[in-house]
Amino acid sequence: MRSRPLGAAFYRRPVLAVARDLLGATLCRRLGDGTILRGRLVEVEAYGGEEDLASHARFGPTKRNRRMWEPGGLAYVYLVYGMHHCLNVVTGARDEPQAILLRAAEAPNDAPASGPGRLTRAFAVDRALDGASFLHGEALWVEAAEPIPDRAVVRTPRIGVAYAGTWAAKRWRFTVRGHPAVSRGTFRL
DNA sequence: GGTGCGATTGCA
DNA sequence: GCAATCGCACCA
C-alpha cells in the first residue's frame, strides 16, 4: 500500500508526539537511479530543545546542527565517530530545535537496519542529504502505515547519552515491543 | 592553530 | 573489552 508523504502538519508538532507516531511508519528513500527503498521504522529517539543536555542543540546553533532550528520536516544528517552517519528528522516550529534520531527500521531487502549507523547505510543516507526535505517525496520521505497500538510501544532512556546528567534518564527512546530489528544498544543512568 | 571526543559498530 | 576514524566544537 502506498500513501502520500507525511506533511508539514505532521512534523510541526511537539517532538515526543511526532516520535510516537513515527513508529510503524514507512521510511522511504529514492536513489539516483530511481530505485525506492522502503522500511517501517521500529526505533526512534527524541531530542528536544536547547535545555535538553543530551541534544546537539544544547550549545546553541552551530555549523553542524543548524538544521535543528528550521521548521519541522527536513533532514539533519551528521557524522559520528568519524565513520557512521546518523539520520534525524527535524520537528516543531522554526527556532524550536527538536529532532528525532531514526535508529532502526525493517530494511527493504529484509535485512533489518538495526542501529542508526546501519540504518543510514541500508538506506544510502549521508551528509549530502543534510537539509533535504521530507515533505515532497523527493529523495527522502515517510508514509503513514498500519499504526502501532499503545500496548506495543516501549519507551526507554536514550542510547549513548550518559553524559547528559538527569536528561539521560528521560524515556525518550520509542521502540516497537519485541521487534527483532530494534537495536540492543545499552543505556545507563 | 591545537586538542579532545562523540546520538556507533565490528571484531578480539 | 576496545580500536577505528574525522568533523567540528572549544580553547588559546
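Every chain is numbered from 1 and lettered A, B, ... according to where its sequence line falls, protein lines coming before strand lines.
Along DNA chain C, the stretch of nucleotides lying under 4.0 Å from any heavy atom of chain A spans, 5' to 3', dA4(C) to dC10(C).
The pair R58(A)-D52(A) does not count as a salt bridge, with every side-chain nitrogen at least 4.0 angstrom from each carboxylate oxygen. Remark: E143(A) engages R38(A) in a salt bridge, criterion side-chain N to carboxylate O under 4.0 Å. Ionic pairing of D21(A) and R13(A) is present here: one or more N-O contacts between side-chain nitrogen and carboxylate oxygen are shorter than 4.0 angstrom.
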Heavy atoms under 4.0 Å is the rule here; annotate nucleotides 2-12 of chain B 5' to 3' with B where the base is hit, S where only the sugar-phosphate is, and - elsewhere. ----BBBSS--

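Checking E43(A) against S183(A) by side-chain atom types alone, a donor-acceptor pair falls below 3.5 Å. For the 3.5 Å distance criterion, the side chains of T156(A) and R173(A) qualify, holding a donor opposite an acceptor.
E45(A) meets the salt bridge (Lys or Arg N to Asp or Glu O under 4.0 Å) test with R103(A); sequence neighbours excluded. The side chain to side chain donor-acceptor pair (under 3.5 Å) check on D33(A) picks up T35(A), with sequence neighbours excluded. R20(A) is linked by a salt bridge (Lys or Arg N to Asp or Glu O under 4.0 Å) to D150(A), counting only residues two or more places apart in sequence or in another chain.
Between S114(A) and A181(A), the shortest heavy-atom contact is OG-O, 2.9 Å.
Figure legend: cation-pi geometry between R121(A) and F123(A) absent, as NZ or CZ is not positioned both under 6.0 Å from the six-membered ring centre and within 45° of its axis.
Only the P atoms considered, dG2(B) is 23 Å distant from dT5(C), to the nearest whole Å.
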Nucleotide pairing, DNA chain B (Watson-Crick or G-U, distances under 3.5 Å), in dot-bracket with [ ] and |: ||||||.||||.

